[in-house]
There are 2 protein chains.
Amino acid sequence: MPGAGSEQGYRGPQVCKIVGITYRQLDHWDRTGLLRPSLAAARGSGTQRLYSYKDVVVLRIIKQLLDSGVTLQRARKAIDFFRDSVGDDLASANLVLGASDSVLARDGDELLDLLRGGQGVFNVVPLSGVVDDVRHRIVELGAEAHEATATAEPAPESTRQQHGPTDRQARAR
Amino acid sequence: MPGAGSEQGYRGPQVCKIVGITYRQLDHWDRTGLLRPSLAAARGSGTQRLYSYKDVVVLRIIKQLLDSGVTLQRARKAIDFFRDSVGDDLASANLVLGASDSVLARDGDELLDLLRGGQGVFNVVPLSGVVDDVRHRIVELGAEAHEATATAEPAPESTRQQHGPTDRQARAR
DNA sequence: TAACCTAGTGACGCAGGTGTAGTTACGACG
DNA sequence: CGTCGTAACTACACCTGCGTCACTAGGTTA
């Protein structure tokens with residue numbers, strides 16, 4: 001076991017443990033384009049995928065969507081939207097999925113407006129919760145998964161930026 | 001076409017139009033126990049299923065869940081909960097589905113508490129919206145679907161009961 | 001009673017998502 | 001340079017949720 005530090009990002013099997021999915025799923029999601037490792041793709045049997053910290057968060061979002069009974073298809077659309085409209089400030093708001101579109105709601109009021117306005121079903125993903133969740137899971141496994149502590153992680157504090165009085169609201173589809 | 005009034009409830013193909021699903025789906029959902037017609041079950045090729053008004057509303061809920069990308073599996077659990085905990089006062093609250101349990105949230109505050117408290121994904125179904133929705137759809141098709149105007153319908157007004165200051169909150173699983 | 005319309009039934013098939021298992025190949029170490 | 005561990009690849013199979021289509025059987029009307 002060589003000294004950690006040279007590696008960046010997380011490798012496939014490790015990601016599975018952190019996120020709580022099977023390797024088969026991770027593989028399938030890569031091949032079908034749901035989410036491919038942004039640091040290093042697989043290039044044959046002997047190689048290995050390398051996922052960034054953000055990748056892990058996104059994967060965890062997908063996992064939670066699945067757990068709550070959302071289709072992979074719907075998750076795909078949600079992730080597409082997420083990638084387009086969320087920058088590096090993960091945990092900034094709530095991701096709200098309607099029947100045909102996705103929205104970012106910054107605070108509770110916006111959320112209530114959305115829920116009151118539309119007559120359909122909404123799937124709500126509290127992003128900050130997911131980010132905290134991922135952090136905990138990494139720490140818990142940290143003892144075992146000694147190597148590959150990511151430099152892609154945006155430093156332990158910076159994720160905590162609270163939402164200001166901005167009223168921006170992205171929308172897609 | 002005999003004078004309407006002798007019949008009660010809605011027959012299969014009609015329900016499909018109102019709810020917006022295919023006959024195959026309705027059939028499948030009956031056979032697999034998701035929702036069977038509460039007024040009359042099918043008893044052979046020549047017979048016909050008879051659905052109550054509440055059945056139609058529930059079916060519409062399922063349909064909207066599907067549209068928003070929720071699995072049939074999850075919908076099954078949701079409907080089980082719905083049947084157990086919602087009486088005849090449909091449209092009373094919001095049906096909130098978490099990863100492992102279902103909840104009825106009466107007002108916006110309860111909703112926000114739920115969303116803030118849990119760190120998972122939530123699927124929110126505004127029941128009053130669904131009831132209105134069904135009503136409109138029946139009216140729209142009413143001109144064409146002349147027959148079988150249900151007596152199971154709880155009279156055009158009585159559904160509108162507003163939620164009082166009660167703080168009951170059912171929960172399952 | 002024969003002809004029809006309507007609605008439920010059965011069999012078949014397909015696609016997506018995933019488990020299982022065996023195979024292959026990179027990279028490290030002796 | 002051979003061996004080994006690990007991770008990715010391939011093939012197969014299964015299960016759910018339907019679409020399609022041909023078939024069957026009440027009920028009604030002629």
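Computation of the quantities below employed the complete heavy-atom set of this structure, encompassing side-chain atoms and omitting hydrogens, waters and symmetry-equivalent molecules. Sequence lines set the chain letters: A, B, ... in the order given, protein chains first and strands last, and positions in each chain run from 1.
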Exercise. Hey, which of A/Val58, A/Ile18, A/Leu39, A/Leu26 is the one that makes side-chain contact (heavy atoms from CB on, under 4.5 Å) with A/Tyr51?
Worked result: A/Leu26

Exercise. Any donor-acceptor pair under 3.5 Å linking the side chain of A/Thr22 with the backbone of A/Gln25?
Worked result: yes

Exercise. Is the distance from OP1 or OP2 of D/dT6 to the nearest side-chain N or O of A/Arg49 less than 4.0 Å?
Worked result: no

Problem set entry | Whole angstrom value for the distance that separates P of C/dG17 from CZ of A/Arg74 | 14 Å

Exercise. Phosphate oxygens OP1/OP2 of C/dT6: is one of them under 4.0 Å from a side-chain N or O of B/Arg11?
Worked result: no

Exercise. Can you check the B/Lys17 NZ to C/dT6 P distance for me, whole Å?
Worked result: 10 Å

Exercise. Sequence neighbours excluded, which residues qualify as salt bridge (charged side-chain N to carboxylate O under 4.0 Å, His left out) partners of A/Arg31?
Worked result: A/Asp27

Seminar exercise, completed: On a heavy-atom basis, the closest approach of A/Pro126 and B/Gly120 is CD-O, 3.1 Å

Show each protein N/O and nucleotides 23-28 of chain C N/O combination with a separation under 3.5 Å, one pair to a line.
residue: C/dT24; atom: O2; partner: A/Ser45; partner atom: OG; Å: 3.3

Exercise. B/Leu127 and side-chain contact (heavy atoms from CB on, under 4.5 Å): which partner among B/Leu90, B/Ile61, B/Asn94, B/Asp132?
Worked result: B/Ile61

Exercise. Of all heavy-atom pairs between B/Leu65 and B/Val125, which one has the smallest distance, and what is that distance?
Worked result: CD2-CG2, 3.9 Å

Exercise. Roughly how far apart are B/Arg76 CZ and B/Trp29 CH2, rounded to 0.5 Å?
Worked result: 9.5 Å

For this session: Can you tell me the distance, in whole Å, between the CD1 atom of A/Ile62 and the P atom of C/dT18?
Result: 10 Å

For this session: Measure the distance from CD1 on A/Ile21 to C1' on C/dT18 and round it to the nearest whole Å.
Result: 12 Å

Problem set entry | salt bridge (Lys or Arg N to Asp or Glu O under 4.0 Å) between B/Lys63 and B/Asp67, intermediate numbers included | CA-CA 6 Å; B/Lys63 165 64 171 170; B/Asp67 286 346; 3.2 Å; yes

Exercise. Heavy atoms under 4.0 Å, any strand shown: does A/Thr22 hit a base, just sugar-phosphate, or nothing?
Worked result: sugar-phosphate

Problem set entry | A/Tyr10 versus A/Val15, closest heavy-atom pair with distance | CB-CG2, 3.6 Å

For this session: Nearest whole angstrom, please: distance from the C1' of D/dC9 to the CD of A/Gln48.
Result: 15 Å

For this session: Check every atom of C/dG8, D/dC18, C/dG17 against the side chain of B/Leu72 and return the nucleotide holding the closest atom.
Result: D/dC18

Exercise. Under a 4.0 Å heavy-atom cut-off, which of residues 23-34 of chain B touch DNA chain D?
Worked result: B/Arg24, B/Gln25, B/His28, B/Trp29

